[in-house]
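Report on the following structure.
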Amino acid sequence: SGLFEGLKGYWKDADYVAANIDGPALRYEADHYTSTRDKKSESVYLRPRALRGFHEGGINLFCFANDETYNYGRTGIASTISLLNEYQYDYLGIASDNTAVPYKILEFTVSKKDGTEETKRVAVFNVNDHVMNNSTVNEENPGIYNTSLPAVNEEIYNVSQEADFVIVYAHFKEQYETSAITEREEQTAEGFVNAGADLVVGTNSDNIQSAKKYGDSYVVYGLGPLVSNEAFSFELDSAMLDLVISEAGEVSVYLTPLRM
C-alpha cells in the first residue's frame, strides 16, 4: 500500500477505483503451478500480500481480463478467483464458468440541488483482446472474458438499455506502441461503442496512447502503467481517468497526468 501513499489524495473520495492487474494472484509459491510461458521467469504473478496491498492502497475494483492472467493457466485463474472471493474484493474479467455475467452494475446516489436524490447506474465491462490459446472461460472451466466470446457486444447492447453509462475496460494486444493505433484496436473499440459503450479504456499499453471522441462516446486507447517492474523511459509516464457524476446527473470524464 506504500506504493500509493502519494496518490491516495487523488481518489480518497472516489466510490470506486478500478485498476488492471497483469498476472494471476497465486496462493502458493510459483513452483506449485505450471507456467504457460516459454520462460517461467517471464510469468508475472502476484502473491496474496500484493493483492491486499493494492486494496489497502485504495483499489477496490480489480480488472483481470488480460493475457498475463493466464501465465499459470486455468489453475492460476482459479487461485485468483479463490483469493478474491475469500477477501471479498470486487473483480471483473475472469470467472469460474460462463454462467457469471461479464460486467458489474455500480449504483450511485446523486443528491440534486432541489434536495431530491437520484440513482445512477454505471455498467462496467472488462474484456481481453490479447487472447491466449485455451484461456477463454467456458461451461466447465475458469477463464478469461475474451473478445473471442460471441456475445460480448450483444451483452454490452443489452446492458446499455438499462444503465445510464457503460464503460468497457479493454486489454488490447499492442503493448509498446507509443503513437500508432492498429486497425484491430480501432475496429474493436468502435465495435464496443456501436454496441452501446459510452467510454472505452485500453488497459494494456505501457505508455500513454491517444484518445478520441467517436460519436457521442470516448475512446482512450492507453493510460500507461501506474506501477511497473520494467524500466523503459516511457513507462514513467501514465495517466489517471476520473469519471464524475454531477448533481445534475451529468457524467464528465477527466484525465490527470502522472509520473512515477
Side-chain angles (χ1 to χ4, degrees), residues 1 3 18-57 59 61-104 125-152 169-176 184 188 202-206 222 225-232 235:
S1 59
L3 285 170
N20 173 70
I21 308 296
D22 269 358
L26 303 183
R27 185 178 294 274
Y28 308 108
E29 294 292 342
D31 291 342
H32 288 78
Y33 305 85
T34 301
S35 172
T36 60
R37 301 286 180 176
D38 293 334
K39 296 180 181 178
K40 194 165 186 176
S41 60
E42 297 177 355
S43 294
V44 178
Y45 65 93
L46 291 78
R47 291 306 311 280
R49 63 180 178 274
L51 201 60
R52 295 193 300 268
F54 284 141
H55 193 264
E56 291 167 4
I59 308 300
L61 183 57
F62 293 82
C63 298
F64 278 96
N66 60 73
D67 58 302
E68 300 282 3
T69 297
Y70 195 62
N71 282 347
Y72 290 89
R74 295 188 187 277
T75 305
I77 294 174
S79 171
T80 305
I81 293 171
S82 174
L83 286 167
L84 289 164
N85 289 338
E86 179 179 321
Y87 297 153
Q88 298 183 338
Y89 295 167
D90 284 336
Y91 63 93
L92 288 167
I94 53 176
S96 297
D97 57 57
N98 64 359
T99 62
V101 295
Y103 59 87
K104 283 194 176 296
F125 287 79
N126 181 212
V127 295
N128 172 50
D129 196 44
H130 190 175
V131 181
M132 305 292 286
N133 288 337
N134 202 38
S135 65
T136 304
V137 63
N138 59 40
E139 293 179 0
E140 300 177 352
N141 298 295
I144 300 169
Y145 284 116
N146 291 320
T147 53
S148 57
L149 288 165
V152 171
Y169 292 113
H171 197 84
F172 297 119
K173 186 173 183 179
E174 298 303 324
Q175 189 169 7
Y176 296 109
R184 168 73 182 185
T188 304
T203 62
N204 189 31
S205 68
D206 285 309
L226 184 62
V227 178
S228 175
N229 64 344
E230 297 179 304
F232 299 112
E235 289 196 320

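Values in this document were obtained by computation on a predicted structure and should not be read as measured data.
When all heavy atoms of I81 and Y91 are compared, the closest pair comes out as CG2-OH, 3.5 Å. The two residues L51 and A25 have their closest heavy-atom pair at CD2-CB, 4.0 Å. Taking both residues in full, the closest heavy atoms of G143 and I77 are given as CA-CD1, 3.8 Å, listed atom of the first, atom of the second, then distance. In terms of heavy-atom proximity, V131 sits nearest to S148 at CG1-OG, 4.2 Å. Scanning both residues, C63 and A18, for their nearest heavy atoms gives SG-CB, 4.5 Å. The two atoms that bring A30 and Y72 nearest to each other are CB-OH, 3.6 Å, heavy atoms only.
Note that CD1 of I59 is 12.5 Å distant from CG of D90, once rounded to the nearest 0.5 Å. Of the inter-residue distances, the one linking L92 atom CG with F125 atom CZ reads 9.5 Å to the nearest 0.5 angstrom.
Between the side chain of S82 and the backbone N or O of A78, no donor-acceptor pair lies under 3.5 Å. Checked by atom type and distance alone, the side chain of Y33 pairs as donor or acceptor with a backbone atom of Y28 at under 3.5 Å. Judged by distance alone, with hydrogens and angles left aside, the side-chain atoms of N66 form a donor-acceptor pair with the main-chain N or O of I21 at under 3.5 Å. A donor-acceptor pair under 3.5 Å links the side-chain atoms of Y70 to the main chain of N134, judged by distance alone. In this structure a side-chain-to-backbone donor-acceptor pair under 3.5 Å is missing from R52 to Y87.
Shown here are the side chain to side chain donor-acceptor pair (under 3.5 Å) partners of T36, two or more places apart in sequence or in another chain: there are none. Applying the side chain to side chain donor-acceptor pair (under 3.5 Å) criterion to N126, with sequence neighbours excluded, gives no partner residue. Checked against side chain to side chain donor-acceptor pair (under 3.5 Å), T203 has the following partners two or more places apart in sequence or in another chain: H171. Every salt bridge (charged side-chain N to carboxylate O under 4.0 Å, His left out) that E29 has, sequence neighbours left out, goes to R47. Scanning for side chain to side chain donor-acceptor pair (under 3.5 Å) contacts around E86 gives R27, with sequence neighbours left out.
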Practice problem: Could you give me the CA-CA distance, side-chain angles and deciding distance for N138 and T136, then say whether side chain to side chain contact (heavy atoms under 4.5 Å, CB included) is met? | Solution: CA-CA 6 Å; N138 59 40; T136 304; over 6 Å; no

Practice problem: Give the intermediate values and the outcome of side chain to side chain contact (heavy atoms under 4.5 Å, CB included) for residues L83 and Y89. | Solution: CA-CA 9 Å; L83 286 167; Y89 295 167; over 6 Å; no

Practice problem: Kindly determine whether V137 and L149 satisfy side chain to side chain contact (heavy atoms under 4.5 Å, CB included), including the steps that lead there. | Solution: CA-CA 9 Å; V137 63; L149 288 165; 4.2 Å; yes

Please output the side-chain donor-acceptor pairs of residues 93-100 that fall under 3.5 Å, not counting sequence neighbours, one pair per line with the distance.
residue: D97; atom: OD1; partner: T99; partner atom: N; Å: 2.9
residue: D97; atom: OD1; partner: T99; partner atom: OG1; Å: 2.3

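In summary, of the residues considered (N146, D67, N20), a side chain to side chain donor-acceptor pair (under 3.5 Å) with N128 occurs for N146 alone.
Note on R37 versus E68: salt bridge recorded, some NZ/NE/NH1/NH2 to OD/OE distance being below 4.0 Å.
Classified by interplanar angle (parallel below 30°, tilted 30° to 60°, perpendicular above 60°), the ring pair F64/F62 is parallel.
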